[in-house]
Participant: 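Just dropping this structure here.
These numbers come from the heavy atoms of this one structure, side chains and all, not from hydrogens, waters or symmetry mates. Keep in mind the model is a prediction, meaning the values are calculated, not measured.
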Amino acid sequence: MGQRTNILLQIEGRSGAHLNHVYHLQWGCYKYMPMAFLHFLSGQYFRQRALDIFDYFTIALQLDGLKKTEGDWGRWDFNKFADCQNVLQHCDNNNGAMVVVSREERYDTAFPAYKLRFLIGPEDSRDELPFARWVSLQEYLQHQHQYDEQRDDIFARAFDALTTLSGTQHFYKQLS
């Protein structure tokens, strides 16, 4: 029922340990997932410095309609396109996904590095297979039924600028 999306979150600690979570986000289409990522970024500036990166993300993901999807997600690497596709085959999704990989920096534990990616789901993929490639936020928004070219393109450019300034890496094409 409704617009169903997923957030795939991989947290990599300084020690090399990693933790994967997959979330179902009812009505997460359109600008909701990018706004959730901005929530992550703004939260890092206000979190307690002693708070472990794994604990921080557990607390930071307090979004309406967000439910953790149980599964053995630890065996997948969300840095790999094929692994993300495999995970999404086991999810309830019709409107796309956002993949966030957060890596705690060796010398700067207060501000992790982020890799951000978007995928288009089956309802919005039009002339291609769903989850076939990484897309920019602008392209992700263009595939949504609520797309408003003027406002959404401004939002996408502002989002890209803000997140790039924070050190976030954006990936728009398939990585091997």
Participant: Does the pair T168 and K115 meet the rule for a side chain to side chain contact (heavy atoms under 4.5 Å, CB included), with working shown?
Facilitator: CA-CA 6 Å; T168 300; K115 293 179 185 175; over 6 Å; no
Participant: Sub-3.5 Å donor-acceptor pair from the side chain of N6 to the main-chain atoms of Y23, do we have one?
Facilitator: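 Checked: pair present.
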Participant: Strictly distance-based, threshold 3.5 Å: is any side-chain N or O of N86 a donor or acceptor partner for the main-chain N or O of A82?
Facilitator: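 The answer is yes, because a donor-acceptor pair under 3.5 Å joins these two groups.
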Participant: Between atom CG of L116 and atom NE2 of H170, what is the distance when rounded to the nearest 0.5 Å?
Facilitator: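 The distance works out to 5.5 Å.
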Participant: By the definition side-chain hydrogen bond (donor to acceptor under 3.5 Å, both in side chains), identify the one residue from D124, N95, N93 that meets it with Q3.
Facilitator: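 By the side-chain hydrogen bond (donor to acceptor under 3.5 Å, both in side chains) criterion, Q3 pairs with just one of D124, N95, N93: N95.
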Participant: Taking only Lys NZ, Arg NE, NH1 and NH2, and the carboxylate oxygens of Asp or Glu, determine whether D160 and R157 approach each other closer than 4.0 Å.
Facilitator: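 No.
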Participant: Any non-hydrogen side-chain atom of Q10 less than 4.5 Å from a side-chain atom of V100?
Facilitator: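 No - every pair of side-chain heavy atoms lies 4.5 Å or more apart.
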Participant: Is it true that a side-chain atom of R117 and a backbone atom of F81 form a donor plus acceptor pair closer than 3.5 Å?
Facilitator: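 Not a single qualifying donor-acceptor pair exists.
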Participant: Do V135 and Q142 have side chains that approach each other closer than 4.5 Å (heavy atoms only, starting at C-beta)?
Facilitator: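 SC-SC contact between V135 and Q142 ruled out.
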Participant: Is it true that E128 and R133 have a side-chain N and a carboxylate O under 4.0 angstrom from each other?
Facilitator: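 The answer is yes: the pair qualifies as a salt bridge.
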Participant: Which atoms form the tightest heavy-atom contact between L141 and Y30, and what is the distance?
Facilitator: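 Distance-wise, the nearest heavy atoms are CD2-O, 3.5 Å.
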Participant: Any donor-acceptor pair under 3.5 Å linking the side chain of T163 with the backbone of F159?
Facilitator: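 Pair found, side chain donor or acceptor close to backbone of F159.
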Participant: Measure the NE2-CG distance between H24 and D92 for me, rounded to the nearest 0.5 Å.
Facilitator: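 Going from NE2 on H24 over to CG on D92, the span is 5.0 Å.
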Participant: May I ask you to check if K31 and F155 form a cation-pi contact, with NZ or CZ under 6.0 angstrom from the six-membered ring centre and within 45° of the axis?
Facilitator: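 Yes, K31 and F155 form such a contact.
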Participant: Could you check if a side-chain atom of P122 sits within less than 4.5 angstrom of a side-chain atom of F131, using non-hydrogen atoms only?
Facilitator: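 P122 vs F131: side chains touch.
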Participant: Strictly distance-based, threshold 3.5 Å: is any side-chain N or O of D83 a donor or acceptor partner for the main-chain N or O of D77?
Facilitator: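 Present.
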Participant: Taking M33 as the starting point, is it possible to reach I154 by hopping between hydrophobic residues whose side chains are less than 4.5 Å apart?
Facilitator: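 No, no single cluster joins them.
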Participant: Do any N or O atoms from the side chain of T5 and from the backbone of L25 form a donor-acceptor pair under 3.5 angstrom?
Facilitator: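 Checking the backbone N and O of L25 against the side chain of T5, a donor-acceptor pair under 3.5 Å is found.
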Participant: Of all heavy-atom pairs between Y114 and S102, which one has the smallest distance, and what is that distance?
Facilitator: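 Nearest pair, atom of Y114 first, then S102: CE2-OG, 3.6 Å.
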Participant: Strictly distance-based, threshold 3.5 Å: is any side-chain N or O of T164 a donor or acceptor partner for the main-chain N or O of A161?
Facilitator: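 It does not hold such a pair.
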Participant: With a sphere of 6.0 Å drawn around CD of Q146, does it hold more than 12 non-hydrogen atoms of other residues, nucleotides or ligands?
Facilitator: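 Atom CD in Q146 is crowded, with more than 12 foreign heavy atoms closer than 6.0 Å.
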Participant: Dump the intermediate steps for side chain to side chain contact (heavy atoms under 4.5 Å, CB included) on Y140 and L119, then the final yes or no.
Facilitator: CA-CA 7 Å; Y140 177 79; L119 294 156; over 6 Å; no
Participant: For P130 and G121, work out which heavy atoms get closest and say how close.
Facilitator: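 Of all heavy-atom pairs spanning P130 and G121, the closest is CB-C, 3.8 Å.
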Participant: Do Q138 and D152 meet the criterion of a side-chain donor-acceptor pair at a distance under 3.5 Å?
Facilitator: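 Not at all, the side chains of Q138 and D152 share no donor-acceptor pair under 3.5 Å.
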Participant: Picking from L19, L9, L8, N20, what satisfies side-chain contact (heavy atoms from CB on, under 4.5 Å) with W73?
Facilitator: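 Single side-chain contact (heavy atoms from CB on, under 4.5 Å) partner of W73 among L19, L9, L8, N20: N20.
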Participant: Would a single hydrophobic cluster contain both Y147 and F118, if residues Ile, Leu, Val, Met, Phe, Trp and Tyr are joined by side-chain heavy-atom contacts under 4.5 Å?
Facilitator: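 Cluster IDs for F118 and Y147 match.
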Participant: Can you name the nearest heavy-atom pair linking V22 to C91, along with the distance?
Facilitator: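 That would be CG1-SG, 3.7 Å.
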Participant: Would a distance-only check, ignoring hydrogens and angles, find a side-chain to backbone donor-acceptor pair under 3.5 Å from E123 to N94?
Facilitator: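 Answer holds: no.
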